Amino acid sequence: MSKTVVYSAAAPAPIGPYSQAIQTGNMLFVSGQIAIQQSTGQMLTGDIEEETRQVMTNLDEILKVAGMDFTNVVKTSIFLKDMGNFPKVNAIYGEYFPSNPPARETVEVSRLPKDVNVEISCIAVK
């Protein structure tokens, strides 16, 4: 099976040796996104709601390039620096999946890239 690198100029470039996403067949594997604003290169880490919205925006831009949207997402992984932020992150996340939400896990981790508070990855299917 072949794989294709998916890249969106509207989402932040990878900060390491990985692709924004890989498509193989009808499946898209989107790497974990953090709250970097592509337009400014700035990191949003002051407000967990703003940070979560930026993460979801970055995911959306990558999904769009592959001809998909959040309705195609079948699985997400949420990594939180502080599980105390779960209710706020969950509320913002839920806005993007108003019906038939994907499977998901949410875990607290000791540290995330660039000391962000939240990182989210997803798998989508056409």
Side-chain angles (χ1 to χ4, degrees):
M1 190 176 295
S2 67
K3 68 178 186 177
T4 304
V5 172
V6 174
Y7 179 80
S8 170
I15 59 173
Y18 61 89
S19 299
Q20 286 178 336
I22 295 290
Q23 187 160 10
T24 182
N26 65 342
M27 298 183 73
L28 182 70
F29 298 85
V30 183
S31 294
Q33 295 299 302
I34 59 176
I36 298 173
Q37 286 183 313
Q38 192 283 335
S39 60
T40 65
Q42 296 298 314
M43 182 74 62
L44 302 178
T45 58
D47 175 271
I48 191 65
E49 288 98 340
E50 181 183 39
E51 191 172 342
T52 303
R53 283 189 201 289
Q54 185 62 53
V55 168
M56 298 303 287
T57 296
N58 294 345
L59 289 170
D60 186 44
E61 293 297 342
I62 296 166
L63 289 166
K64 283 182 199 174
V65 168
M68 298 185 199
D69 59 32
F70 286 112
T71 64
N72 297 99
V73 175
V74 296
K75 173 77 169 56
T76 62
S77 298
I78 301 177
F79 304 95
L80 294 175
K81 189 173 179 178
D82 178 359
M83 195 57 85
N85 284 323
F86 177 79
K88 292 177 181 179
V89 171
N90 198 50
I92 301 301
Y93 173 94
E95 294 173 11
Y96 294 84
F97 300 104
S99 63
N100 302 313
R104 174 184 96 181
E105 70 264 336
T106 303
V107 296
E108 181 179 83
V109 296
S110 64
R111 194 163 180 206
L112 288 164
K114 301 220 178 248
D115 290 320
V116 298
N117 296 299
V118 60
E119 178 176 0
I120 303 175
S121 64
C122 69
I123 300 170
V125 178
K126 264 191 188 174

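Note that the structure is predicted; figures quoted are calculated from it, not measured.
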Could you go step by step and tell me if Asp82 and Glu108 meet the side-chain contact (heavy atoms from CB on, under 4.5 Å) rule?
-> CA-CA 6 Å; Asp82 178 359; Glu108 181 179 83; 4.0 Å; yes
Taking C-beta and beyond as the side chain, do Val116 and Thr45 meet within less than 4.5 Å on heavy atoms?
-> yes
Taking side chain as C-beta onward, heavy atoms only, is Val118 less than 4.5 Å from Ile48?
-> yes
What are the two closest heavy atoms between Gln38 and Ala10, and how far apart are they?
-> CB-O, 3.5 Å
With sequence neighbours excluded, residues passing side chain to side chain donor-acceptor pair (under 3.5 Å) with Gln33 | none
Test side-chain contact (heavy atoms from CB on, under 4.5 Å) on Glu105 and Lys75 and set out the steps.
-> CA-CA 9 Å; Glu105 70 264 336; Lys75 173 77 169 56; 2.5 Å; yes
Are Leu59 and Val74 linked, directly or through other ILVMFWY residues, by side chains that come within less than 4.5 angstrom of each other?
-> no
Ignoring hydrogens and angles, tell me if any N or O in the side chain of Asn100 forms a donor-acceptor pair with the backbone of Thr71 under 3.5 Å.
-> no
side-chain contact (heavy atoms from CB on, under 4.5 Å) between Val89 and Glu49: does it pass, once the steps are laid out?
-> CA-CA 6 Å; Val89 171; Glu49 288 98 340; over 6 Å; no
Looking only at heavy atoms, which two atoms of Phe29 and Ile123 are closest? And how far apart?
-> CD2-CG1, 3.8 Å
With Phe97, which residues qualify under ring pair (Phe, Tyr, Trp, His ring centres under 6.0 Å), at least two apart?
-> Phe70, Tyr93
Do Leu112 and Leu80 share a hydrophobic cluster, counting only Ile, Leu, Val, Met, Phe, Trp and Tyr and linking them when any side-chain heavy atoms are less than 4.5 Å apart?
-> no
Atom CG of Asp115: over 12 foreign heavy atoms under 6.0 Å | yes
How far apart are the C-alpha atoms of Val55 and Glu119, what are their side-chain angles, what is the distance that settles it, and do they pass the side-chain contact (heavy atoms from CB on, under 4.5 Å) test?
-> CA-CA 7 Å; Val55 168; Glu119 178 176 0; over 6 Å; no
If Ile, Leu, Val, Met, Phe, Trp and Tyr residues are connected whenever their side-chain heavy atoms lie under 4.5 Å apart, and connections chain through other members, are Leu28 and Val5 in the same group?
-> no
Residue of the set Ile78, Thr76, Asn90, Ile120 for which side-chain contact (heavy atoms from CB on, under 4.5 Å) holds with Thr106 | Ile78
Exercise: identify the closest heavy-atom pair between Tyr96 and Thr57 = OH-OG1, 4.5 Å
Do Tyr18 and Leu63 belong together in a cluster built from hydrophobic side chains that touch within less than 4.5 Å?
-> no
Using residues 19-26 as the side-chain source, report each donor-acceptor pair under 3.5 Å to any protein atom, sequence neighbours left out, with the distance given to one decimal.
from  : atom 1 : to    : atom 2 : distance (Å)
Gln20 : OE1    : Ser8  : N      : 2.5
Gln20 : NE2    : Ser8  : O      : 3.2
Gln20 : NE2    : Ala11 : O      : 3.4
Gln20 : NE2    : Pro12 : O      : 2.9
Thr24 : OG1    : Ser2  : O      : 2.9

Could you tell me which non-hydrogen atom of Leu44 sits nearest to which non-hydrogen atom of Glu51, and how far apart they are?
-> O-CG, 3.1 Å
Side-chain contact, heavy-atom cut-off 4.5 Å: Lys88 with Thr52?
-> no
Is there side-chain contact between Val30 and Ser121, with heavy atoms separated by less than 4.5 Å?
-> no
Check whether Val73 and Ile92 end up in the same hydrophobic cluster, where Ile, Leu, Val, Met, Phe, Trp and Tyr are linked by side-chain heavy atoms less than 4.5 Å apart.
-> yes
Can you see which heavy atom on Asn72 is nearest to which on Lys126, and at what distance?
-> ND2-CA, 3.9 Å
Counting heavy atoms not belonging to Lys81, are there more than 12 under 6.0 Å from its NZ?
-> yes
Are Glu61 and Lys64 within salt-bridge range, i.e. N to O under 4.0 Å?
-> yes
Under the 3.5 angstrom rule, does the side chain of Asn58 hit a backbone N or O of Ile36 as a donor-acceptor pair?
-> yes
Closest non-hydrogen atom pair, Val6 against Ile62 | CG1-O, 4.1 Å
Kindly compute the distance separating CE (Met68) from CE (Met27), expressed to the nearest 0.5 Å.
-> 9.0 Å
